[in-house]
Chemist: 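So that we are looking at the same thing, I have put the structure below in structure tokens.
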Number of protein chains: 2
Amino acid sequence: MTTRSSAEAARDIPEATVARLPVYLRALTTLAEAGTSTCSSEDLASAAGVNSAKLRKDLSYLGSYGTRGVGYDVDYLRYQIAREIGVTQDWPVVIVGIGNLGHALANFSGFRSRGFRVVALLDADATRTGEEVAGVRVRPFDDLEDIVGEHGVAIGVIATPAVAAQDVADRMVGCGISSILNFAPTVLSVPAGVDVRKVDLSIELQILAYHEQRKAQGETA
Amino acid sequence: MTTRSSAEAARDIPEATVARLPVYLRALTTLAEAGTSTCSSEDLASAAGVNSAKLRKDLSYLGSYGTRGVGYDVDYLRYQIAREIGVTQDWPVVIVGIGNLGHALANFSGFRSRGFRVVALLDADATRTGEEVAGVRVRPFDDLEDIVGEHGVAIGVIATPAVAAQDVADRMVGCGISSILNFAPTVLSVPAGVDVRKVDLSIELQILAYHEQRKAQGETA
DNA sequence: TCCATTTTGTTCTCTCGTTCACAAACTCCT
DNA sequence: AGGAGTTTGTGAACGAGAGAACAAAATGGA
Ligand SMILES: NC(=O)c1ccc[n+]([C@@H]2O[C@H](COP(=O)([O-])OP(=O)(O)OC[C@H]3O[C@@H](n4cnc5c(N)ncnc54)[C@H](O)[C@@H]3O)[C@@H](O)[C@H]2O)c1
Ligand SMILES: NC(=O)c1ccc[n+]([C@@H]2O[C@H](COP(=O)([O-])OP(=O)(O)OC[C@H]3O[C@@H](n4cnc5c(N)ncnc54)[C@H](O)[C@@H]3O)[C@@H](O)[C@H]2O)c1
């Protein structure tokens, strides 16, 4: 299990690198829109907010897509990163919990433009179903299994209150979803093989508060 | 600069630990609400979704707040962590960009309950000002300096479109804000001493897509 | 053709983070 | 009082990530 088949490239991209590839992708898109066709690692690194050594090392995990003495072809590199991440294809996504946050997410244009397609908005509250948000009708949560089966959905977004999040996750996992983006402030437990990423506003603010407090302490000390 | 004054405790909490303290805090609150007064590192670790060795090591950076053979007093530990993070006091916060996302953020109850207080909602669009969201009136962006000065705001939240984010950040830094939470999909450049954290939906989804793609590859290989 | 210049890809080192494993410290029971 | 049983706090081993530094490879001009 440690060695891979010889046909497939020995791809084992570090997690820290995976998390930065989307940043590079966005920076490349910005450069392309500005009419730049070639860029050095220095250029791209500064657009992405990292140092150039790190950028080159990250890109080296994908292969040798640059030219020494010249730099990288913007469009070519962009395609290679997109392919590596998997956003050259479209990923169907369901959003569960169409309250304050769910509405904002449904209206978020960044889904479409980045290889994701919202195929359904689901809510358990019957008074919300039928409403149309960003061109998609809100449907009852119980339609989850049907929708996931029909569209082959692999990615689910949870924007329900914390108390409901584990139940929603269980239902998602039960019908084959294997990647979850969780906005509810709670720890989800899922079986091995299912990826969960969380976005947690309170945690981010508390981290800022910690550093802020230390800055203040330093001043008065 | 490497050694600290003898009076102050040698506090140098690793960044990875700082990011987990809010998770422990939330887990402790949940335990307290469930009527638990004492818990072991094993209990708390499972509630927080980490392993117990990591939890104990993290807590050891704060001091020795447990009792061997017994565990931790839930309320006492909760207070100690809250104090360390700095959320025993209230932090005033401004939100800039009251569109889809800004509305959701303004309505988010997690601010209040976690030591943060939204003192102002700002937007550059004159047609939005005057509107009341969650009991707070939306004011013109140009009031930023006045508000920050008046309330001593140190933390700012950016929920504007990406193109405006750098300008907003510059204005924030200019009037003394030193911690920024950025929801716009763009890399902010700020002077040293200012902390920026970003919340980026597209990046999270792309990371999920990468792993999802690898799972699919494994099946068909 | 050859040399100077540029910029990548990679090796090496150092720092940071995770996990293991166990002595120290506490409780409870006899 | 003493011993059995628990659970913390931490030293040490291990692994992952960051950054410096440089050889290899390309370009372009003489
Ligand atoms: N509003 C924000 O800016 C914000 C920010 C960060 C995190 N969050 C978190 O995101 C979540 C949603 O926040 P919100 O402000 O949109 O809350 P909300 O109450 O406005 O919306 C929650 C929605 O989920 C639905 N729901 C409840 N139980 C459900 C279930 N079992 N199945 C399906 N749908 C269900 C409700 O009907 C409601 O429409 C909360 O957990 C909140 O803590 C919100
Ligand atoms: N909607 C989402 O769920 C979501 C999710 C992730 C990220 N984002 C990002 O968050 C940001 C806001 O998203 P949104 O959907 O709320 O957009 P939106 O267009 O609905 O709202 C943006 C608001 O910012 C205001 N604004 C524009 N320029 C400004 C300036 N210079 N100063 C002050 N205010 C200004 C506008 O008047 C508007 O009210 C975007 O960058 C978006 O990419 C949104």
Side-chain angles (χ1 to χ4, degrees), chain A residues 1-2 9-24 27-28 31 36-74 76-78 80-81 84 207 210-211, chain B residues 1-2 9-24 27-28 31 36-74 76-78 80-81 84 187 192 207 210-211:
Chain A
M1 275 297 188
T2 47
R11 297 269 171 71
D12 199 24
I13 302 183
E15 197 52 39
T17 297
V18 171
R20 281 188 295 267
L21 290 179
V23 179
Y24 303 153
L28 284 166
L31 287 174
T36 312
S37 63
T38 300
C39 69
S40 68
S41 63
E42 203 69 54
D43 297 336
L44 183 52
S46 98
V50 301
N51 76 37
S52 64
K54 184 149 60 178
L55 174 93
R56 287 199 301 277
K57 179 170 258 196
D58 283 342
L59 294 185
S60 77
Y61 291 113
L62 313 190
S64 274
Y65 297 132
T67 308
R68 294 172 192 225
V70 179
Y72 300 92
D73 181 281
V74 171
Y76 181 61
L77 183 59
R78 187 152 67 121
Q80 292 299 339
I81 294 178
E84 190 68 41
I207 295 170
Y210 171 80
H211 293 296
Chain B
M1 275 297 188
T2 47
R11 296 270 168 72
D12 199 22
I13 301 183
E15 196 53 39
T17 297
V18 170
R20 281 187 295 266
L21 290 179
V23 179
Y24 303 153
L28 284 167
L31 287 174
T36 312
S37 62
T38 300
C39 70
S40 68
S41 64
E42 203 69 53
D43 298 337
L44 183 52
S46 98
V50 301
N51 76 38
S52 64
K54 183 146 62 177
L55 174 93
R56 286 200 301 277
K57 174 145 273 190
D58 284 341
L59 294 184
S60 77
Y61 291 113
L62 313 190
S64 274
Y65 296 131
T67 309
R68 295 172 192 223
V70 178
Y72 301 92
D73 181 281
V74 171
Y76 181 60
L77 182 58
R78 187 152 68 119
Q80 292 299 338
I81 294 178
E84 190 69 41
V187 176
I207 294 170
Y210 171 80
H211 293 295

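Numbered from 1 within each chain, the chains take letters A, B, ... in sequence-line order.
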Chemist: Tell me the closest heavy-atom pair linking A:Ala48 and A:Val23, and the distance in Å.
Modeler: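 Minimum heavy-atom contact is O-CG1, 3.7 Å.
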
Chemist: Here's a test for you: under side chain to side chain contact (heavy atoms under 4.5 Å, CB included), which of A:Val74, A:Val70, A:Thr67 qualifies with A:Thr38?
Modeler: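 That would be A:Val70.
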
Chemist: Contact boundaries of DNA chain D with chain A (under 4.0 Å, heavy atoms), 5' to 3'?
Modeler: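 Contacts span D:dG17 to D:dT27, reading 5' to 3'.
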
Chemist: So which atom in A:Ile13 and which in B:Tyr210 form the shortest heavy-atom distance, rounded to 0.1 Å?
Modeler: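 Looking at all heavy atoms of both residues, the shortest contact is CB-OH, 3.6 Å.
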
Chemist: Write down the distance between CG (A:Asp43) and P (C:dT7), rounded to a whole number of angstrom.
Modeler: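 Nearest whole value for this atom pair: 8 Å.
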
Chemist: Do the side-chain N or O atoms of B:Asn51 get closer than 4.0 angstrom to the phosphate oxygens (OP1, OP2) of C:dT18?
Modeler: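 Checking B:Asn51 against C:dT18: no side-chain N or O falls below 4.0 Å of OP1 or OP2.
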
Chemist: Can you confirm whether A:Leu55 sits close enough to A:Tyr24 that some side-chain heavy atom of one is under 4.5 Å from a side-chain heavy atom of the other?
Modeler: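 They are in side-chain contact.
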
Chemist: Work out which heavy atom in A:Leu28 is nearest to a heavy atom in A:Ile81; give both atom names and the distance.
Modeler: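 For A:Leu28 versus A:Ile81, the nearest heavy atoms are CD1-CD1, 3.8 Å.
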
Chemist: Would you check if B:Tyr72 and B:Arg78 make a side-chain contact, meaning some heavy-atom pair closer than 4.5 Å?
Modeler: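 No, their side chains stay 4.5 Å or more apart.
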
Chemist: For the side chain of B:Glu15, counting heavy atoms from C-beta on, which of C:dG17, C:dT8, C:dT10 is nearest?
Modeler: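 Among the listed nucleotides, the one closest to the side chain of B:Glu15 is C:dG17.
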
Chemist: Give the rounded distance in Å between these two atoms: CG of A:Leu55 and P of C:dG9.
Modeler: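 Those two atoms, CG and P, are 10 Å apart.
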
Chemist: Out of curiosity, B:Ile207 CD1 to A:Arg20 CZ, how far, rounded to the nearest 0.5 Å?
Modeler: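 One gets 10.5 Å once the value is rounded to the nearest 0.5 Å.
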
Chemist: Dump the pairs, protein N or O against N or O of nucleotides 25-30 of chain C, anything under 3.5 Å, distances to one decimal.
Modeler:
residue : atom : partner : partner atom : Å
C:dC26  : O4'  : B:Arg68 : O            : 3.3

Chemist: Between atom CD in A:Gln80 and atom P in C:dT8, what is the gap in whole Å?
Modeler: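 To the nearest whole Å, that distance equals 17 Å.
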
Chemist: Kindly give the heavy-atom pair with the smallest separation between B:Ala27 and B:Leu44, and that separation in Å.
Modeler: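 Closest pair (atom of B:Ala27, atom of B:Leu44, distance): CB-CD1, 3.8 Å.
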
Chemist: Taking the nucleotide of DNA chain D with the nearest heavy atom to each, does B:Asp58 or A:Arg56 sit closer to the 5' end?
Modeler: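 Per heavy-atom nearest nucleotide, the more 5' residue is B:Asp58.
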
Chemist: Evaluate the side-chain proximity of A:Leu77 to A:Leu59: yes if any heavy-atom separation is below 4.5 Å, no if none is.
Modeler: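 Yes. Closest side-chain heavy atoms under 4.5 Å.
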
Chemist: Roughly, in whole Å, what's the span from CG in B:Asp12 to C1' in C:dC16?
Modeler: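 One finds 12 Å between C1' of C:dC16 and CG of B:Asp12, rounded.
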
Chemist: Tell me the interatomic distance from A:Leu59, atom CG, to C:dT8, atom P, rounded to whole angstroms.
Modeler: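 In whole Å, C:dT8 P and A:Leu59 CG are 9 Å from each other.
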
Chemist: Using the closest heavy atom to pick a nucleotide of DNA chain C for each, name whichever of A:Lys57 or A:Ser64 lands nearer the 5' end.
Modeler: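 Per heavy-atom nearest nucleotide, the more 5' residue is A:Ser64.
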
Chemist: In whole Å, I'd like the distance from the OH atom of A:Tyr72 to the C1' atom of C:dT6.
Modeler: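 Whole-Å distance recorded here is 13 Å.
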
Chemist: To the nearest Å, give me how far apart CG (A:Leu44) and P (C:dG9) are.
Modeler: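 For the pair A:Leu44 CG and C:dG9 P, the rounded distance is 12 Å.
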
